[in-house]
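When a ligand or atom number is given, it counts from 1 through the structure's own listing order.
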Amino acid sequence: MNIVDILAKKRDAQALTADEIAFLVKGAVDGSIADYQVTAFLMAGRIHGFTKEETLALTMEMAHSGEMIDLSDVEGIKVDKHSTGGVGDKTSLILLPIIAAAGLKGAKMSGRGLGHTGGTLDKLASIPGFRCDLAIDTFKEQVRKTGLSIISQTDGLVPADKLFYALRDVTATVDSIPLITASIMSKKLAMGADVLVLDVKYGSGALIKDEQESRMLGEMMVEVAKGTGMKAAAMLTSMEQPLGMAVGNALEVKEVLDVLHGEGPQDLREVAFAIAAEMMLLAGLKQNRAEARAYAAEIVQSGAALQKFEQMVLAQGGSTEFDSLPVAEQIIPLCAEKAGYIGSFDTAAIGHAAMLLGAGRRKKTDSIDPATGLIVPVKLGDRVTAEQPLAYLHINNTENLQDACRMLKEAICIQEDVPQKTAPLILDIIN
Ligand code: URA
């Protein structure tokens with residue numbers, strides 16, 4: 001087989017065989033195919049698309065390009081989750097304790113945040129002492145004993161994705177639904193869970209903003225999962241506004257604790273409980289959605305989910321003295337300049353404003369300040385008065401304060417009329 005012939009085929013919009021895809025992925029990882037040739041493949045694929053068969057073959061080959069986690073010696077139904085990323089999205093920290101309390105096993109590798117989106121690991125790292133870098137055997141032992149663990153992705157997992165993503169990032173080829181599918185699903189397959197729920201975000205803060213395209217991504221990922229024998233569902237959920245009110249790491253952990261205490265913002269509770277319910281349905285623990293949703297709420301109300309969260313924190317070296325979570329030195333309110341209704345959010349810009357305050361990173365090597373971020377107490381359609389706070393900025397220095405305030409003023413749009421339609425929080429469930 002010859003890489004130039006393979007590239008010519010893809011350039012001419014012909015579908016590649018599974019063998020040709022395997023040749024390309026293996027060659028990319030062992031270095032026998034040059035980065036510029038891999039890039040040519042990615043660009044041709046971005047332009048012409050990939051068939052379902054090509055996408056499945058690419059996903060499988062990428063998944064097997066490195067270490068595969070074997071969870072078969074952990075008893076029970078192993079459950080994983082992926083979110084395509086958002087602002088204020090902290091649902092994993094709520095739903096994994098819920099499903100662990102329900103008797104399922106939550107085994108998850110998570111990532112750090114980048115750009116406007118937050119990462120679960122950064123949120124957990126704001127808990128003093130919490131460690132995410134557990135060895136796989138320790139991770140599995142913790143899942144066996146406590147029912148849940150969240151750790152960082154190991155270096156050996158899916159090297160093909162690390163290489164492809166780095167090339168896509170600098171060649172304008174990230175926004176391809178089949179390539180995103182292969183990237184996400186290869187990592188999920190390598191994790192070896194039995195059940196997977198994908199939270200596919202749509203709206204102004206999402207990776208894919210368009211409703212139809214995010215539906216296509218959800219459908220493709222579920223199809224690939226099913227093609228590999230995994231039980232999977234995708235939920236299409238709104239990122240037209242931040243989820244909950246807190247954006248920023250320790251602030252988000254506090255909001256998670258509020259929910260686990262039976263309180264917290266309604267939208268966050270709804271999405272977290274709905275994902276937990278979908279996991280229970282796929283695992284065969286409950287037979288219908290309403291029953292599963294009510295069970296998730298009941299587990300929280302009983303305190304069992306909070307107990308699971310605390311067990312996970314303690315097992316991973318963290319402190320459950322949550323009063324000692326880092327807090328910012330100053331809280332600055334940003335007030336409405338006029339009365340009206342909240343008509344729209346530029347949610348990505350809200351994430352960027354939080355990043356400017358220190359809650360996120362512009363590039364992978366940046367450090368973050370866990371205490372900083374935003375509380376956004378208003379929601380789409382709310383009536384606000386002039387001078388009413390639209391956001392509270394939690395800061396430890398004033399370096400980027402002016403820019404963050406300017407960004408937030410533009411991102412939270414106040415209009416005179418009641419907004420006609422707000423995006424549904426849960427648009428659809430694909431399974
Ligand atoms: N997240 C991933 O893991 N991969 C992509 O390609 C896009 C988002």
Side-chain angles (χ1 to χ4, degrees), residues 21 25 28-29 38-39 41-47 49-50 54-56 58-63 65-67 69 80-87 89 91-92 108-122 150-191 193 196-210 213-225 228 230 232 234-237 239 347-348 351 360-361 363-364:
I21 288 173
V25 173
V29 173
V38 179
T39 304
F41 162 76
L42 296 168
M43 183 58 86
R46 162 65 181 80
I47 292 169
F50 294 88
E54 284 181 295
T55 309
L56 181 58
L58 183 62
T59 308
M60 294 294 271
E61 202 52 47
M62 285 171 67
S65 66
E67 183 187 7
I69 311 293
D80 196 0
K81 178 242 171 189
H82 180 83
S83 160
T84 56
V87 178
D89 182 8
T91 58
S92 292
K108 180 160 167 54
M109 284 190 187
S110 283
R112 303 206 175 271
L114 190 63
H116 76 276
T117 60
T120 301
L121 288 189
D122 295 324
I150 303 177
I151 59 167
S152 48
Q153 202 176 298
T154 58
D155 286 343
L157 205 83
V158 196
D161 181 57
K162 292 194 180 77
L163 174 69
F164 285 12
Y165 196 86
L167 295 173
R168 287 166 60 209
D169 202 24
V170 291
T171 57
T173 49
V174 168
D175 67 340
S176 150
I177 288 175
L179 290 177
I180 296 173
T181 298
S183 167
I184 292 174
M185 291 307 297
S186 59
K187 288 175 283 203
K188 293 291 136 188
L189 287 182
M191 261 310 288
L196 171 68
V197 176
L198 299 147
D199 183 4
V200 182
K201 304 288 187 193
Y202 74 95
S204 63
L207 169 71
I208 296 183
K209 298 181 174 35
D210 181 70
E213 284 186 27
S214 59
R215 183 183 293 279
M216 279 161 63
L217 176 63
E219 286 171 354
M220 198 176 276
M221 290 198 289
V222 169
E223 200 165 322
V224 165
T228 69
M230 198 183 236
M235 312 205 24
L236 304 183
T237 70
M239 238 327 118
T347 313
R361 36 177 96 68
K363 53 184 190 314
K364 274 186 184 163

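Remark: the backbone N or O of Gly156 is not paired with any side-chain donor or acceptor of Lys162 at under 3.5 angstrom. Listed for the Thr84 side chain is a donor-acceptor partner under 3.5 Å among the backbone atoms of Lys201. Counting only distance, with no hydrogens or angles, the side chain of Lys187 and the backbone of Ile184 share no donor-acceptor pair below 3.5 Å.
Taking the side chain as every heavy atom from C-beta outward, Met191 and Met109 approach each other to under 4.5 Å. Using a 4.5 Å heavy-atom cutoff, the side chains of Leu42 and Phe164 are in contact. Considering only heavy atoms from C-beta on, Leu56 comes within 4.5 Å of Thr228 through its side chain.
Listed as neighbours of ligand 1 are Tyr165, Arg168, Ile180, Ser183, Ile184, Lys187, Leu207, each bearing a heavy atom under 4.0 Å from the ligand.
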